[in-house]
Amino acid sequence: HGVTKMAADGIEVELIDLRTIIPWDRELVMASVKKTGRVIVTHEAPETCGFGAELVASITRDCFLNLEAPPKRVCGLDTPFPLHEKLYLPNEHKLVDAIKEVVN
């Protein structure tokens with residue numbers, strides 16, 4: 001699990017699992033971004049036109065002055081769905097790399 005791996009490296013991660021996207025818990029997400037100054041959005045859909053783009057747009061609009069790093073998305077690839085999903089979908093390694101990027 002990426003969060004556990006980051007804790008072992010001394011990096012505290014706040015994980016929010018949105019149970020619904022309509023409506024989505026805007027207040028919870030914005031409070032977290034204001035607290036941490038960083039955000040990584042992940043989902044299995046392709047990066048382009050995925051719901052993560054809407055989240056990042058809302059976060060940027062509402063929390064721009066609180067951000068210490070650009071918002072990052074870790075999503076499925078912008079390609080047709082492959083037969084071998086492990087290469088396509090977000091995974092622990094991609095998330096760990098993204099966390100390190102926004103922290104440093």
Side-chain angles (χ1 to χ4, degrees):
H1 195 270
V3 173
T4 306
K5 185 172 188 142
M6 292 291 86
D9 290 344
I11 299 172
E12 185 179 336
V13 175
E14 189 167 293
L15 176 67
I16 298 173
D17 183 3
L18 293 176
R19 298 296 178 170
T20 63
I21 58 174
I22 298 178
W24 60 279
D25 195 341
R26 180 183 297 269
E27 291 178 16
L28 176 67
V29 172
M30 299 309 168
S32 176
V33 173
K34 289 176 181 177
K35 175 182 163 189
T36 64
R38 295 172 172 81
V39 63
I40 297 170
V41 175
T42 186
H43 57 75
E44 294 181 353
E47 183 173 40
T48 301
C49 298
F51 185 72
E54 176 61 31
L55 291 174
V56 169
S58 296
I59 290 165
T60 302
R61 182 189 62 228
D62 295 348
C63 299
F64 183 76
L65 297 176
N66 302 99
L67 289 169
E68 296 181 29
K72 180 117 181 112
R73 290 183 287 163
V74 179
C75 306
L77 303 176
D78 284 335
T79 63
F81 292 105
L83 295 175
H84 199 57
E85 288 185 353
K86 286 187 178 185
L87 299 175
Y88 173 84
L89 296 175
N91 59 45
E92 178 181 347
H93 302 292
K94 291 178 186 177
L95 287 169
V96 166
D97 289 345
I99 292 168
K100 289 179 180 178
E101 184 179 323
V102 298
V103 169
N104 294 325

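Starting from 1, each residue takes its place in the sequence as its number.
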- For E14 and T36, test the side chains for any donor-to-acceptor distance below 3.5 angstrom and give the result as yes or no. no

Tell me the closest heavy-atom pair linking [X] and [Y], and the distance in Å.
X: C75; Y: A45; value: CB-O, 3.5 Å
X: H43; Y: F51; value: NE2-N, 3.9 Å
X: V74; Y: T42; value: O-OG1, 2.6 Å

Same cluster (ILVMFWY, side-chain, under 4.5 Å), [X] and [Y]:
X: W24; Y: I22; answer: yes
X: V102; Y: V33; answer: no
X: V29; Y: V56; answer: yes
X: I40; Y: V3; answer: yes

The side-chain hydrogen bond (donor to acceptor under 3.5 Å, both in side chains) partners of D62 (sequence neighbours excluded) come to R26

Atom pair [atom1] ([X]) and [atom2] ([Y]), whose distance is rounded to the nearest 0.5 Å:
X: I11; Y: I99; atom1: CD1; atom2: CD1; result: 7.5 Å
X: L77; Y: T48; atom1: CG; atom2: OG1; result: 10.5 Å
X: L28; Y: D17; atom1: CG; atom2: CG; result: 10.5 Å
X: D25; Y: M30; atom1: CG; atom2: CE; result: 10.0 Å
X: S32; Y: N66; atom1: OG; atom2: CG; result: 11.0 Å

Hey, are the side chains of [X] and [Y] touching, using non-hydrogen atoms and a 4.5 Å cut-off?
X: L18; Y: I16; result: yes
X: P71; Y: V41; result: no
X: L55; Y: I21; result: no

In short, salt bridge (Lys or Arg N to Asp or Glu O under 4.0 Å) pairs touching residues 37-58 with sequence neighbours left out are R38-E68, E47-R73

- request: Might you confirm whether atom CZ of R61 has over 12 heavy atoms from other residues, nucleotides or ligands at distances under 6.0 Å?
  value: yes

Sequence neighbours excluded, the answer for side-chain contact (heavy atoms from CB on, under 4.5 Å) partners of K100 is M6, D9, V96, N104

